[in-house]
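Just the heavy atoms: all of them, side chains too, but no hydrogens, waters or symmetry mates, feed the values below.
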Amino acid sequence: MLTYLGVAGWPVAHSRSPAMHNAALAAAGLHGWRYLKLPLPPERFAETVRALPRAGFRGINVTIPHKEAALALATEATEVAAAVGAANTLTFGSGGAVHADNTDVPGLLEALPVDPAGRTALVLGAGGAARAAVFALRSAGAADVRVWNRTRPRAEQLVAALGGRVVDAPETAALVVNCTSVGLRDGDRPFKSLPLDADTLDVGSCVVDMVYKPGGTDLLAEARRRGATVVTGLEILIAQGAASFERWTGTSASREAMRGAVVEIADDT
């Protein structure tokens with residue numbers, strides 16, 4: 001009998017998580033496990049997730065736009081998920097129990113090549129990933145975390161819950177974290193629609209894009225061209241995915257196997 005894992009999102013066709021997790025499952029010798037894509041529109045999310053344990057699911061990752069809804073339906077949550085107000089990892093227990101966690105927080109901190117302590121940061125967006133980024137950066141000691149969102153009230157709600165301050169225009173920052181969906185799909189709004197200027201992406205900056213796509217995003221290409229250090233969404237995907245994997249299986253995840261699977265897909269795309 002198979003045990004299932006998966007990733008729920010809308011859209012989710014672009015996700016590299018199945019290849020990544022199935023590679024890790026094979027590397028760990030868990031041959032009776034499978035990881036699947038679960039395309040779920042918002043109106044079907046809660047009822048479908050509650051039914052998954054009966055279909056043999058042990059847990060799921062949750063991506064745009066369901067991270068806050070995932071926390072809302074959970075019967076228990078880690079302190080990190082509760083503080084962030086969003087969950088990206090659900091684990092199913094007996095009797096209908098749904099445990100919520102947020103591995104975006106440790107995933108982001110693991111992927112950063114610099115220590116956020118004492119640094120200034122600019123977070124773009126105000127959804128579940130942005131909430132995780134603000135929480136992670138503040139908990140790691142960032143000196144000043146600024147938050148920008150297209151709709152200011154949502155940024156104000158995030159800051160009221162987690163700290164930081166709302167900005168209407170970019171200010172030079174040592175760390176820039178894009179948590180919007182800009183760049184996710186070809187034909188989307190270009191990265192220039194984000195409130196960034198040349199100084200924000202210059203030498204000495206570290207630019208992180210939560211979006212992952214083959215070849216990287218235009219935002220990271222421009223940041224790299226200007227001399228900034230960049231962190232791709234693939235590295236964050238691997239780090240947070242490994243943390244989720246270990247929670248579900250109790251087994252260490254092979255980051256090498258996960259990275260190899262993701263890179264192979266990118267090369268074939």
Worksheet entry | Chi angles and distances behind the side-chain hydrogen bond (donor to acceptor under 3.5 Å, both in side chains) call for Ser244, Asn61 | CA-CA 8 Å; Ser244 296; Asn61 285 129; 3.0 Å; yes
Practice prompt. Examine distances only and state if a side-chain atom of Ser15 and a backbone atom of Ser17 form a donor-acceptor pair shorter than 3.5 Å.
Written response: yes
Discussion item. Quick one: does any side-chain atom of Thr120 pair with a main-chain N or O of Asp144 as donor and acceptor, under 3.5 Å?
Written reply: no
Worksheet, complete the sentence: Shortest non-hydrogen pair, Ala223 vs Val230, comes out as CB-CG1, 3.9 Å
Practice prompt. Report yes if some heavy atom in the side chain of Met20 is under 4.5 Å from a heavy atom in the side chain of Leu237; otherwise report no.
Written response: yes
Practice prompt. Give, for atom CG of Leu5 and atom CH2 of Trp33, the distance between the pair rounded to the nearest 0.5 Å.
Written response: 5.5 Å
Practice prompt. Give a yes or no on whether the backbone of Pro153 and the side-chain of Thr151 come within a donor-acceptor separation of less than 3.5 Å.
Written response: no
Worksheet item: Is the shortest heavy-atom distance from the side chain of Arg154 to the side chain of Leu158 under 4.5 Å?
Response: no
Worksheet item: If we only count heavy atoms from C-beta on, is the Val166 to Trp148 side-chain gap below 4.5 Å?
Response: no
Fill in: side chain to side chain contact (heavy atoms under 4.5 Å, CB included) evaluation trace for Ile236 with Val231
CA-CA 8 Å; Ile236 297 169; Val231 178; 4.3 Å; yes
Fill in: Joint cluster assignment, Val211 & Leu112, ILVMFWY side-chain distance < 4.5 Å
no
Fill in: Student check: side-chain heavy atoms of Thr48 and Leu38 closer than 4.5 Å
no
Fill in: Asn178 and Val208: CA distance, side-chain angles, deciding distance, side chain to side chain contact (heavy atoms under 4.5 Å, CB included) verdict
CA-CA 6 Å; Asn178 176 38; Val208 182; over 6 Å; no
Discussion item. Between the side chains of Glu110 and Arg255, is the shortest nitrogen-to-carboxylate-oxygen separation below 4.0 Å, so that they form an ion pair?
Written reply: yes
Fill in: Phe92, Tyr4, Trp248 screened by ring-ring contact (aromatic ring centres under 6.0 Å, His included) with Phe57, the one that passes
Tyr4
Item to complete: Would you list the pairs meeting salt bridge (charged side-chain N to carboxylate O under 4.0 Å, His left out) in which at least one residue belongs to residues 28-45, sequence neighbours left out?
Response: Arg44-Glu47
Practice prompt. Check salt bridge (Lys or Arg N to Asp or Glu O under 4.0 Å) between Asp209 and all other residues, then give those that pass, not counting sequence neighbours.
Written response: none
Worksheet item: Given the rule in the side chain to side chain contact (heavy atoms under 4.5 Å, CB included) test, do Leu175 and Val114 qualify, once you have shown the distances and angles that lead to the verdict?
Response: CA-CA 9 Å; Leu175 284 167; Val114 295; 3.8 Å; yes
Worksheet item: What is the minimum heavy-atom distance between Ala100 and Leu71, and which atoms define it?
Response: CB-CD1, 4.1 Å
Fill in: Shortest non-hydrogen contact from Val105 toward Ala136
CG1-CB, 3.8 Å
Worksheet item: So which heavy atom on Pro39 is nearest to which on Trp10, and how close?
Response: C-CE3, 3.8 Å
Worksheet entry | Student check: side-chain heavy atoms of Val176 and Cys206 closer than 4.5 Å | no
Fill in: Minimum-distance pair of heavy atoms, taken over all atoms of Cys179 and Ala133
SG-CB, 3.9 Å
Worksheet item: With no hydrogens and no angle check, is any side-chain donor or acceptor of Thr75 less than 3.5 Å from a backbone partner on Val98?
Response: yes
Worksheet entry | Any Leu108 side-chain heavy atom under 4.5 Å of Met210 side chain | yes
Worksheet entry | Euclidean distance, Thr89 OG1 relative to His99 NE2, rounded to 0.5 Å | 10.0 Å
Practice prompt. Could you give me the CA-CA distance, side-chain angles and deciding distance for Leu90 and Leu73, then say whether side chain to side chain contact (heavy atoms under 4.5 Å, CB included) is met?
Written response: CA-CA 10 Å; Leu90 297 179; Leu73 67 77; 4.3 Å; yes
Worksheet item: Mind checking whether Thr229 and Val207 have side chains closer than 4.5 Å, heavy atoms only?
Response: no
Worksheet item: Going hydrophobic residue to hydrophobic residue with side-chain gaps under 4.5 angstrom, can you get from Leu220 over to Leu122?
Response: yes
Fill in: Cluster overlap Val147 with Val84, hydrophobic side-chain contacts below 4.5 Å
yes
Discussion item. Using every non-hydrogen atom in the two residues, find where Leu137 and Pro116 come nearest and quote the distance to one decimal.
Written reply: CD2-CB, 4.0 Å
Worksheet item: Which residues pass the salt bridge (Lys or Arg N to Asp or Glu O under 4.0 Å) test with Arg54, sequence neighbours left out?
Response: none
Worksheet item: Among all residues two or more places apart in sequence or in another chain, which pass the salt bridge (Lys or Arg N to Asp or Glu O under 4.0 Å) test with Glu256?
Response: none
Fill in: Parallel, tilted or perpendicular, as decided by the 30° and 60° cut-offs, for the rings of Phe45 and His66
parallel
Worksheet item: About how many Å separate CE of Met258 and CG of Leu25, when rounded to the nearest 0.5 Å?
Response: 8.5 Å
Worksheet entry | Pairs touching residues 90-108 that satisfy salt bridge (charged side-chain N to carboxylate O under 4.0 Å, His left out), sequence neighbours left out | Lys67-Asp104, Asp101-Arg247
Practice prompt. Any salt bridge (charged side-chain N to carboxylate O under 4.0 Å, His left out) involving residues 114-133? Give me the pairs, sequence neighbours left out, ordered by first then second residue.
Written response: none
Worksheet item: When you measure from the side chain of Arg16 to the backbone N and O of His14, does any donor-acceptor pair fall under 3.5 Å?
Response: yes
Discussion item. Donor-acceptor check, side chain of Thr103 to backbone of Gln240, threshold 3.5 angstrom: yes or no?
Written reply: yes
Discussion item. I'd like to know if Leu36 and Leu2 are part of one continuous hydrophobic network [Ile/Leu/Val/Met/Phe/Trp/Tyr, side-chain heavy atoms within less than 4.5 Å].
Written reply: yes
Worksheet item: Given the rule that I, L, V, M, F, W and Y join up when any side-chain heavy atoms are under 4.5 Å apart, are Leu109 and Val134 in one cluster?
Response: yes
Worksheet item: Are any of the side-chain heavy atoms of Val12 and Val7 separated by less than 4.5 Å?
Response: yes
